[in-house]
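All remarks here apply to the structure that follows.
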Amino acid sequence: MTLSPDLAQRLQRILESPSYRLAQADIELLGEKDLRPLRLQLELLKPERVLAEQGVGSTIVVFGSARVTDSETARARLAALQEAATTSATPPTLQELTFARHRVEQARYYEQARRFAQLVSCRFQQEERCDFVVVTGGGPGIMEAANRGAFEVGARSIGFNIDLPHEQVPNPYISPELAFRCHYFALRKMHFLLHARGMVAFPGGYGTLDELFEVLTLIQTRKMEPIPVVLVGREFWNRIIDFSYLVDEGYIAQADLDLFTCVDEAEEIMAALERFYAKQAPDTAVP
């Protein structure tokens, strides 16, 4: 049947109408406020399905500052600022120079995260085994270092990137098939811990502290099975948080200090994991 121009135009409007879209293809519908529970469910299910398909058995979570860089980058940045301080018409501020010097010192954390990822990946991703897979927030800094370490030894690693007002691009060392993009911080935190056999926290800011204390709280309140929690950088952690003072004031118990271990080197992280699982039942111990 040949339609008149008016009816043909009307049919086109019907086909293009938002109400005519298939529900699962209607992005505007999925973005509605009252469909948030569905979005939460999808964000929970998608990574879980992929991890199962990829045969990931367990993970090791690495947290830390997004602002730390590798030694080469940090030194190059400081050198450029020092040169600009004497040659540029708009020299760097004293604060910029101070932070650049800090970054050179902090680069050791990047290198230790990188080294740890190499060690743990080499040990637990052999002969088609996929355990203690490094998982990070997928961004720069310590996250990049851990993903990079796994990449450099030919192992896989996971990244849970997050949508932020200032766009955070995933680092290039994540395994492409294990790179995820999250909208909800709560779901992202859940994914970090669903398969975690340990947590390693390097120095960082609010995000790192938030993730650390959430894990400690979940273990303390027995909302999750205990896992080894390793804090890297004794000097940093002893200064930033006076855990002994919390005990002295009665805010936490003396036994709560046993929920974590402080170390400085990548090899010490591995030793802390081994000590923890050596105390477990034979079927849960680290082989």
Side-chain angles (χ1 to χ4, degrees), residues 27-28 30-33 35-54 56 58-70 73 103 106 109-110 113-114 116-117 132-151 156-218 223-224 227 229-232 240:
I27 301 302
E28 291 181 7
L30 293 175
E32 292 292 333
K33 183 177 180 179
L35 288 185
R36 181 176 294 148
L38 179 57
R39 296 196 299 276
L40 288 166
Q41 184 178 24
L42 289 171
E43 196 159 301
L44 173 64
L45 290 176
K46 180 181 176 180
E48 281 297 284
R49 291 174 66 91
V50 173
L51 292 178
E53 291 168 358
Q54 294 295 324
V56 174
S58 60
T59 61
I60 185 85
V61 191
V62 180
F63 293 132
S65 174
R67 304 182 184 190
V68 175
T69 64
D70 63 273
T73 301
R103 294 292 179 256
Q106 295 160 358
Y109 297 127
Y110 184 104
R114 183 177 173 184
F116 166 69
F132 283 76
V133 179
V134 168
V135 57
T136 76
I142 295 298
M143 297 174 281
E144 175 190 286
N147 291 124
R148 180 177 178 178
F151 169 81
R156 299 197 296 171
S157 68
I158 304 165
F160 284 101
N161 211 244
I162 184 78
D163 281 338
L164 297 173
H166 48 91
E167 183 178 358
Q168 176 174 293
V169 178
N171 72 69
Y173 301 106
I174 307 166
S175 299
E177 71 277 12
L178 295 174
F180 302 99
R181 183 179 177 187
C182 299
H183 177 75
Y184 297 103
F185 268 109
L187 269 296
R188 184 176 182 239
K189 288 181 177 181
M190 184 176 292
H191 283 301
F192 282 141
L193 298 179
L194 280 173
H195 304 282
R197 296 288 300 275
M199 171 191 171
V200 182
F202 285 81
Y206 287 156
T208 300
L209 296 174
D210 172 46
E211 289 150 347
L212 168 63
F213 278 106
E214 177 142 14
V215 173
L216 291 177
T217 300
L218 288 170
K223 289 294 185 179
M224 68 176 285
I227 60 173
V229 177
V230 185
L231 312 185
V232 183
I240 198 71

Closest heavy-atom contact between [X] and [Y]?
| X | Y | value |
| --- | --- | --- |
| N161 | P170 | ND2-CA, 3.7 Å |
| N171 | G139 | ND2-O, 2.9 Å |
| S157 | N147 | OG-ND2, 2.9 Å |
| Q54 | L178 | CG-CD2, 3.8 Å |
| S65 | T208 | N-OG1, 3.8 Å |
| A146 | A117 | O-CB, 3.0 Å |

Worksheet item: Given the rule in the side-chain contact (heavy atoms from CB on, under 4.5 Å) test, do F185 and L164 qualify, once you have shown the distances and angles that lead to the verdict?
Response: CA-CA 10 Å; F185 268 109; L164 297 173; 3.9 Å; yes
[atom1]-[atom2] distance between [X] and [Y], expressed to the nearest 0.5 angstrom:
| X | Y | atom1 | atom2 | value |
| --- | --- | --- | --- | --- |
| R181 | D163 | CZ | CG | 4.5 Å |
| I158 | F180 | CD1 | CZ | 6.5 Å |
| E48 | M190 | CD | CE | 10.0 Å |
| R36 | Y184 | CZ | OH | 5.5 Å |
| T217 | M224 | OG1 | CE | 11.0 Å |
| S58 | L51 | OG | CG | 11.0 Å |

Is any side-chain heavy atom of [X] less than 4.5 Å from a side-chain heavy atom of [Y]?
| X | Y | result |
| --- | --- | --- |
| V232 | F116 | no |
| R39 | H183 | no |
| E177 | E53 | no |
| C182 | I162 | yes |
| Q106 | T69 | no |
| L212 | V229 | yes |
| V230 | I60 | no |

Worksheet item: Between the side chain of H191 and the main-chain N/O of E43, is any donor-acceptor distance below 3.5 Å?
Response: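 A pair under 3.5 Å: yes.
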Worksheet entry | Set of residues satisfying side-chain contact (heavy atoms from CB on, under 4.5 Å) with respect to E211, sequence neighbours excluded |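 side-chain contact (heavy atoms from CB on, under 4.5 Å) check on E211 returns F63, R188, F192.
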Discussion item. Among residues at least two apart in sequence or on other chains, which ones pass salt bridge (charged side-chain N to carboxylate O under 4.0 Å, His left out) with E214?
Written reply: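 Here the qualifying residues are K189.
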Worksheet entry | side-chain contact (heavy atoms from CB on, under 4.5 Å) between D70 and R148, worked out | CA-CA 11 Å; D70 63 273; R148 180 177 178 178; 4.2 Å; yes
Item to complete: Could you tell me whether F151 atom CZ has more than 12 heavy atoms of other residues or ligands within 6.0 Å of it?
Response: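 It does not: F151 CZ has 12 such atoms or fewer within range.
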